[in-house]
Asks: 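Before I ask anything, here is the structure I am working with.
Bear in mind the structure is a predicted one, so any value in this text is a computation, not a measurement. A note on names: the letters A, B, ... follow the listed sequences, proteins ahead of strands, and every chain is numbered from 1.
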Amino acid sequence: MNKISVKPISGFPENLPMRQQIECEMIDTIRSQYELFGFQPIETPAVERMDVLTAKGGMGRQIYTVGKPEGTESKTAMGLHFDLTVPLARYVACHANDLTFPFRRYQIQKVWRGERAQRGRFREFYQCDIDVVGRQNLDDVYDAEIPAIISSVFEAIGVSEHIIHVSDRRIWRDVAKAFGWSPEMSGLVLQELDKSQRDGLDTALSRMTAQGVEDRVTAFVRDMVSAEDFAGVRQVFESSDVALDGLRVLENTIATAVLLGCSPDKIHYDLTIARGLDYYTGTVFETFIPGREEWGSVCSGGRYDDLSEYFSKEKFPGVGVSIGLSRLLNLLVDSGMIDGTPRSATTVLVTVLEKEHWRRYLELARDLRNAGIATIVYLEDAGLGKQLGYASDLGIPYAIIAGGNEWSAGCVKIKDLNQRTEDKVACSEVVSYIAARR
RNA sequence: GUGGCAUUAGCUCAGUUGGUUAGAGCGCCGGAUUGUGGAUCCGGAGGUCGUGGGUUCGAAGCCCAUAUGCCACCCCA
């Protein structure tokens, strides 16, 4: 008889316990960092109405559609959310009267995208979002706060090597205006520019030329992107009569981010950052791990002033970013950049040598748990070697060993599985011994 | 969604121009070691070669279909 396949569907990852443990810890860390910066948690349904999801275009055919239960008719088209920003816009419009603005919220949930899976690219994955949403207005300073927070979060999860690339769509808006570009032309230039990170600027520029972009445009783009610093970019702009508004905003955003605590070497302007999502209107962010640029961005976002326009008559401008946790975690562990060795939330395994004394083993475990020390008792019938192997497989650092010799002496042996050392400890001291070393 | 490559043990893969009972390493289980784990040695289990057709005296290897996977593109966390 053919057994049903037990492999999960491609792009829908599932972890072994060790990796899940790491993921849980990482989520905890991110959550507490977000709360440290004063963000409130919310969750929105995995399923949204299709008109909500597609209100701002963007994700094309990447949305997983959802049907009603078999046999019932579905009048409303529904789909799984592909990010947490669009649902946020709906949420804010829906609950505006009960929220306090500026509304700072974080949201850690799975999202779904109907793409082909690849290494570091999933169809189901976690996003960890923060956003600040204002009512009518939202000061530019919030744009600058984002990189400061993100940098601090990355530090906290042990990824001190990271760099946040920042650009501003208003710059390209100004450029397009000055050159009289059609929307198609703007799209083409930005799209090619985005790929210049991967393929190099020359390749990108020649592809623009091949698609009919004028030489004066490619020349300007080359000068603009390859300028050494802001002063250089400004010069390029002035000599071409392009408005400087967007550029000023970007320069100011970066300077303010540094003031707010983002290390200057963790943030820099990068005019090639385009971002595919349609709803961004100003600042845009992408975060890379130096030396691992091929992983793509592990944390992206930006400013969106008009996202709620389809949901409300009011304006709810916002700015935020999303950490692609699943991508980040798997790439970090696979590449050995963070510790992927067995670890366990359990601290102690109580081994059992003499079943007739079960009660003592169980009491020991109870005392440890009452002291907040995660403990399990080995309940199978097995030799000591196998019991220790069990602890070591699970990454449990301490084993308690006790039999006739120990009971009569009123003590137990506590073995450190990592150090391979062993101490005799009086029964009354066991809890404090472990607590001191945890 | 488009294209390229792949699919043999739980995992990573060998398998020579189609030719008898399909192999290795790792992992797993057991033993040496019934109160001490990651090392070593010995033994063992586990595969109708993705699935369905076809060609052939004979197919893991060739042909067709299909499914799945990987990579690249598109796009994105």
Asks: Looking at A/R198, does any N or O in its side chain come under 4.0 Å of the phosphate oxygens OP1/OP2 on B/C73?
Replies: yes
Asks: Can you run through RNA chain B from 5' to 3' and write each base as (, ), [, ], | or . depending on how it pairs? Watson-Crick or G-U wobble, both distances under 3.5 Å.
Replies: (((((((..((((.....[...)))).(((((.......))))).....(((((..]....))))))))))))....
Asks: When the P atoms of B/C73 and B/G58 are considered, how many whole Å apart are they?
Replies: 46 Å
Asks: I want to know whether A/Y361 and A/W407 have ring centres closer than 6.0 Å.
Replies: yes
Asks: Check the interface with nucleotides 66-69 of chain B: list each N/O to N/O pair with the protein under 3.5 Å, or write none.
Replies:
from, atom 1, to, atom 2, distance (Å)
B/G69, OP1, A/S10, N, 2.6

Asks: The side chain of A/R119 is closest to which nucleotide in this list: B/U36, B/C71, B/G38?
Replies: B/C71
Asks: Suppose we call a contact any N or O donor and acceptor under 3.5 Å apart; does that hold for the side chain of A/E422 and the base of B/U36?
Replies: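 Such a pair is found, so the answer is yes.
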Asks: When the P atoms of B/G69 and B/C64 are compared, how many Å lie between them, rounded to an integer?
Replies: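 Roughly 23 Å separates the two P atoms.
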Asks: Examine B/G1: is either OP1 or OP2 under 4.0 Å from a nitrogen or oxygen in the side chain of A/R116? Give yes or no.
Replies: yes
Asks: Check whether the side chains of A/Y106 and A/D129 place a donor and an acceptor atom closer than 3.5 Å, and report yes or no.
Replies: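 No, A/D129 and A/Y106 have no side-chain donor paired with an acceptor closer than 3.5 Å.
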Asks: Grab the CZ-C1' distance between A/R420 and B/G38 for me, whole Å please.
Replies: 6 Å
Asks: Quick one: are the ring centres of A/H162 and A/F288 less than 6.0 Å apart?
Replies: no
Asks: On a whole-Å scale, what distance lies between the P atoms belonging to B/C62 and B/G46?
Replies: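 Per the computed distance, 29 Å lies between those P atoms.
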Asks: When you compare B/U7 with B/U17, how far apart are their C1' atoms, in angstrom units rounded to a whole number?
Replies: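 After rounding to an integer number of Å, I get 23 Å for this pair.
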Asks: Does A/Q118 make a side-chain N or O approach to OP1 or OP2 of B/C70 shorter than 4.0 Å?
Replies: no
Asks: When you compare the side chains of A/T256 and A/T253, does any donor N or O come within less than 3.5 Å of an acceptor on the partner?
Replies: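 Absent: no donor and acceptor within the cut-off.
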Asks: Looking only at side chains, do A/Y126 and A/E23 share a donor and an acceptor under 3.5 Å apart?
Replies: no
Asks: Check every strand shown and say whether A/N330 touches a base, only sugar-phosphate, or nothing at a heavy-atom separation below 4.0 Å.
Replies: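 No contact.
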Asks: So which of A/Y310, A/Y91, A/F101 actually passes ring pair (Phe, Tyr, Trp, His ring centres under 6.0 Å) with A/F316?
Replies: A/F101
Asks: For the residue pair A/E155 and A/Q33, confirm or rule out a side-chain donor-acceptor distance under 3.5 Å.
Replies: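 Side-chain D/A pair, A/E155 to A/Q33: absent.
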Asks: Using the C1' atoms only, state how far B/G44 lies from B/G4, rounded to an integer number of Å.
Replies: 42 Å
Asks: Quick one: is B/C29 close enough that its OP1 or OP2 comes under 4.0 Å of any side-chain N or O from A/K386?
Replies: no
Asks: Between B/U66 and B/C26, how far is it from one P atom to the other, in whole Å?
Replies: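 It works out to 41 Å between them.
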Asks: Tell me which of A/A117 and A/K195 sits closer to the 5' end of RNA chain B, going by the nucleotide each one is nearest to.
Replies: A/A117
Asks: Any carboxylate oxygen within less than 4.0 angstrom of a Lys/Arg side-chain nitrogen, looking at A/K315 and A/D306?
Replies: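 Counted as a salt bridge, because a side-chain N and a carboxylate O are separated by less than 4.0 Å.
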Asks: Are A/R105 and A/D131 within salt-bridge range, i.e. N to O under 4.0 Å?
Replies: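 Salt bridge: yes.
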Asks: Using the C1' atom in both, what is the distance from B/G10 to B/G27, to the nearest Å?
Replies: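 Rounded to whole Å, the distance is 7 Å.
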Asks: Please give the distance between the P atoms of B/G25 and B/U40 as a whole number of Å.
Replies: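 Straight-line distance between the two P atoms is 13 Å.
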Asks: Do the ring centers of A/Y390 and A/Y378 come within less than 6.0 Å of each other?
Replies: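 Close enough - the centres of the two rings lie under 6.0 Å apart.
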